[in-house]
Amino acid sequence: MGEYNFKFIESKWQKKWDEAKAFEAVNGSDKPKFFGLVEFPYPSGQGLHVGHPRSHTAMDIIARKRRMQGYNVLYPIGWDAFGLPAENYAIKNNVHPAVITAKNIANFKRQLKMLGFSFDWSREVNTTDPDYYKWTQWIFIQLFKRGLAYKQEMPINWCTSCNVGLANEEVVNGVCERCGGEVIQKRQSQWMLKITEYAQRLVDDLDDIDFLEKIKTQQRNWIGRSEGAEVRFTLTTGDEMTVYTTRADTLFGATYTVISPEHPLIEKLADKLENLDEVKAYQSAAAKKSEFERTELAKEKTGVMLKGVKAINPVTNTEIPIFVSDYVLVTYGTGAIMAVPAHDTRDWEFAKKFDLPIIEVVAGGKDVQQEAYTDVYKGTMINSGFLTGMPVKEAIPAMIDYLEKEGLGKRKVNYKLRDWVFSRQRYWGEPIPIVSCEKCGFVPLPESELPLVLPDMAEFKPGENGESPLANATDWINTTCPCCGGAAKRETDTMPQWAGSSWYFLRYTDAHNDKALASKEALDYWTPVDWYNGGMEHTTLHLLYSRFWHKFLYDIGVVPTKEPYQKRTSHGMILGENGEKMSKSRGNVVNPDDVVNEVGADAFRTYEMFLGAFDQSTPWSQQGLKGCYRFLEKVWNLQNILVDDDSVSADLEKSLHKTIKKVGEDFERMKFNTAIAAMMSFMNEVTKKGSITKGELKVFITLLNPVAPHMTEELWEILGGKGLLSLAKWPEYDPAKTVDDEVEIVVQINGKIRDKAMVPAGLDRSGLEEIAMRSEKIKELTEGKNIIKVIAVPGRLINIVVK
RNA sequence: GCGGAUGUGGCGGAAUUGGCAGACGCGCCAGACUUAGGAUCUGGUGCCCCCGGCGUGCAGGUUCAAGUCCUGUCAUCCGCACCA
């Protein structure tokens, strides 16, 4: 027997799998399908970090097991390759981003191959490939044609030092990620996608899919649905303002109103305002505040009262002041609120600062002069006319009914979700396939002209005024209008990185189709994705965006399902050995290349799955890694005690069947650590026994194969197994052989363990009791005492309660 | 502030419905083999005042029985952050 030479074994089997096309999924198969998905990586210059293999190995285990169970498995991979780091690197080093991206992809590919994942490499996709982004552009055009993509002036992040527009991701703690310069808001025309149109469906359809509950919760919170009412206030000038509230019940307690600094009402009332200068000054001060300052100063309320105009509370008919304050957001509701200081913390703070009246309309809290009482579930209405005496929960609909009847307001649902800012003033992204024509406005390219290829440029620094680098590609920009044939200009903004990743999983089903993003047959067969594992950090970005795009594609008949992913799970982070997040600056980064070089891919994979609970963050441990290597080496060395016999021996049969059951079930629940622990236990038992038959070892390495595929494949060959182990049959267990004939039960007195006994497995309560009472130890301890009660739990314990 | 977690030996972590707390691995201790050991093998390893007690962040409660259920409280991490 040779030594455990993982280097030789691993490259040998990787080559064999490639040659045999062992992991290629089949389109047009009549087998049941399984579509397992992991997030395709952004090919960064740093190469793979240890977080990638955690997710990839987990899904690889599931995919390998499914394959052995007879499924037609699609486990694909690709590259989410547009994005800022490549572009920034390109600017700094004067290399084209395409060059650096190709180099990074080659490195990532080498690393992923070295880890032995059972990806179907024949379906590899790359978001920067024109054959791919042709369809990203195609989807954009469909969105545009249906009014879901529109251009609007929006504030963007502007670095005052680099003189350049920044994506949100580039603004860290309110300053420019690259230079640390101050970031302010600058208005610029931007492409937007109407994700808000799908808000309700994005919430509702969560009920039908199998996502981790915390993922659903996070998406629901992000979408932020709230039910309330819009209420119309008449002003003393005869004008009107509409406010949004979820607490219509408190209208009797509204003692002032507030509008946001950007609210159009200010413009409208301009001539009537006695303190217009003061108001204007406040507006411009608010506009100048950076996002950072606004959140920094969140606690301290500021504002200005509009002089010369008041609002009339529609139920009390009292005149109440109108304030302008930046604690009210123009982007939510109507940009105006009615303030009820007695029952809203923010209004209370504002009222205290400006010395405004606080009127209690819900009784049951503490003194509202001391703090706001905001509980919706308790409390009774007071000082509220026809609502007085009602509990809050009834008063809310009662008030809305009244407002609707009187024509003073109406029911209204609002969402926190905003439309998606889809423009980036950047080079390294998909060009937006729209031209702007003076006569025809925005015109989409005809589909026959796709892909609109990103022009090759030597200079891709962003423009002076926050324009995209593409603004310098004059030959490319100037074109003719597809509609009228006149002179027109191309859109110079590109799409964000989220564009290509919003539909990539669909492309895997039919990766080389040049007629459609994928054929109908392929989509019908493969979608939805059965199981998608990825990081929590994408929950309100990629995961939400791609659900939106998928629903849109469903609406226009491109995909057959409402939801893209049937099941979504998430893995915890791997921390540095010191328990901190891995980062270059902390110097605690573990490089997969080094690990594989030292202990091999199989030990690396095993440790990544063993180091802790899959869904939780856990620190890396070099010693722990060694432990997994030792385990594999011991498995390898079982050859030393091999008995040439294809049957399973009587004394290992039960353990083997129990292990099959445990490993299979634990894999499904992503309890990889306990599955591996069970295999370690089995191996320890074999070692203790001193021998293992060929038959037993074959079953055992089949179980281990999804975790450590190379070594088990080599052993399979040594044992004379037929074909590839990776394509062999997953073992089944006999439930009858997973239960012991005899079990140890404990005998307790008053809940404390006093004795143990081996009893037949099926023994009933009275049988157990009899055995317990016969025990010498128990006799002794219960002597002269009063037995009050005996609790017997078959298969577990007997508890004798004495006094 | 809101939302979501998490808290168990020296360490990473186990523990379906409440039913032997500490599986498995690391580390540590002892022994074996060795010229040698950061190799390998064997045995041991929660704590203590050790014939008996005590132990799952802390304080209570329910129960024959609580890591698990209930009430309160503290700590740490993550996400959102003036959303009316």
Side-chain angles (χ1 to χ4, degrees), chain A residues 212-218 220-222 224-226 228-229 243-248 250 254 257-258 260 294-295 297-301 325-329 331-340 343-347 349-350 374 414-418 536-537 539-540 572-573 575 577 579 581 606-607 610-613 615-628 630-631 633-634 637 665 669 671 673-684 687-688 744-753 755-756 788-802:
Chain A
L212 287 182
E213 210 45 51
K214 64 176 173 180
I215 295 174
K216 290 189 183 181
T217 306
Q218 209 172 307
R220 283 194 194 105
N221 290 345
W222 182 260
R225 182 182 196 277
S226 76
V243 303
Y244 176 69
T245 181
T246 54
R247 292 294 303 274
T250 60
T257 66
V258 190
S260 71
R294 252 184 110 137
T295 50
L297 303 169
K299 293 281 162 258
E300 189 60 20
K301 302 267 184 294
S325 170
D326 65 4
Y327 88 90
V328 174
L329 308 173
T331 47
Y332 185 77
T334 60
I337 61 155
M338 63 178 213
V340 186
H343 305 292
D344 182 282
T345 312
R346 295 151 303 179
D347 296 345
E349 282 168 9
F350 192 85
T374 58
N414 268 323
Y415 302 91
K416 290 185 196 172
L417 187 69
R418 292 292 114 78
M536 279 308 285
E537 70 274 17
T539 302
T540 54
M573 244 191 317
L575 306 170
E577 199 134 11
K581 204 169 160 175
T606 308
Y607 179 60
F610 183 68
L611 87 177
D615 57 356
Q616 238 131 18
S617 302
T618 313
W620 180 268
S621 154
Q622 205 61 27
Q623 289 298 341
L625 174 69
K626 286 249 175 71
C628 286
R630 280 205 282 263
F631 165 61
E633 200 176 36
K634 283 181 201 164
N637 289 335
E665 287 173 356
R669 296 186 301 148
K671 298 262 189 181
N673 54 340
T674 51
I676 292 167
M679 291 191 270
M680 287 172 168
S681 293
F682 179 78
M683 205 212 47
N684 291 343
T687 312
K688 209 166 218 170
E744 190 186 52
I745 54 139
V746 297
V747 185
Q748 299 177 330
I749 293 177
N750 290 347
K752 306 238 162 177
I753 299 157
D755 202 7
K756 296 187 179 185
I788 295 168
K789 204 174 179 186
V790 178
I791 294 118
V793 183
R796 295 209 183 267
L797 55 68
I798 302 150
N799 189 12
I800 302 164
V801 187
V802 299

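Residue numbers begin at 1 in each chain, while the letters A, B, ... track the order of the sequences. Since the structure is predicted, the reported quantities are computational estimates derived from the model, not experimental observations.
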Contact class for [X] vs. all strands (heavy atom < 4.0 Å): base, sugar-phosphate, or nothing?
X	value
A:S621	nothing
A:A678	nothing
A:K581	nothing
A:V801	sugar-phosphate
A:T540	nothing
A:E213	nothing

Sticking with atom [atom1], work out how far [N] lies from [M], rounded to a whole angstrom.
N	M	atom1	answer
B:rU42	B:rC50	C1'	27 Å
B:rA39	B:rA30	P	15 Å
B:rG22	B:rU45	C1'	12 Å
B:rA14	B:rU8	P	12 Å
B:rG67	B:rG57	C1'	12 Å
B:rU68	B:rU16	C1'	12 Å
B:rC70	B:rU6	P	14 Å

A:E744 side chain to A:K756 backbone, donor-acceptor under 3.5 Å: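 No: the side chain of A:E744 does not pair with the backbone of A:K756.
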Hey, is the side chain of [X] poking within less than 4.0 Å of OP1 or OP2 on [N], counting only N and O atoms?
X	N	value
A:R630	B:rC26	yes
A:Q218	B:rG79	no
A:S226	B:rA84	yes
A:N221	B:rG4	no
A:T618	B:rG13	yes

Range-with-range stems of RNA chain B (Watson-Crick or G-U pairs under 3.5 Å, three or more in a row):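 In RNA chain B, stems of three or more pairs: B:1-7 with B:74-80, B:10-12 with B:24-26, B:27-32 with B:40-45, B:46-48 with B:52-54, B:57-61 with B:69-73.
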Presence of donor-acceptor pair under 3.5 Å, side chain of A:K416 and base of B:rC80: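 Per atom types, no contact qualifies.
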In B:rG9, glycosidic geometry as syn within 90° of 0 or anti otherwise: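 You should classify B:rG9 as syn.
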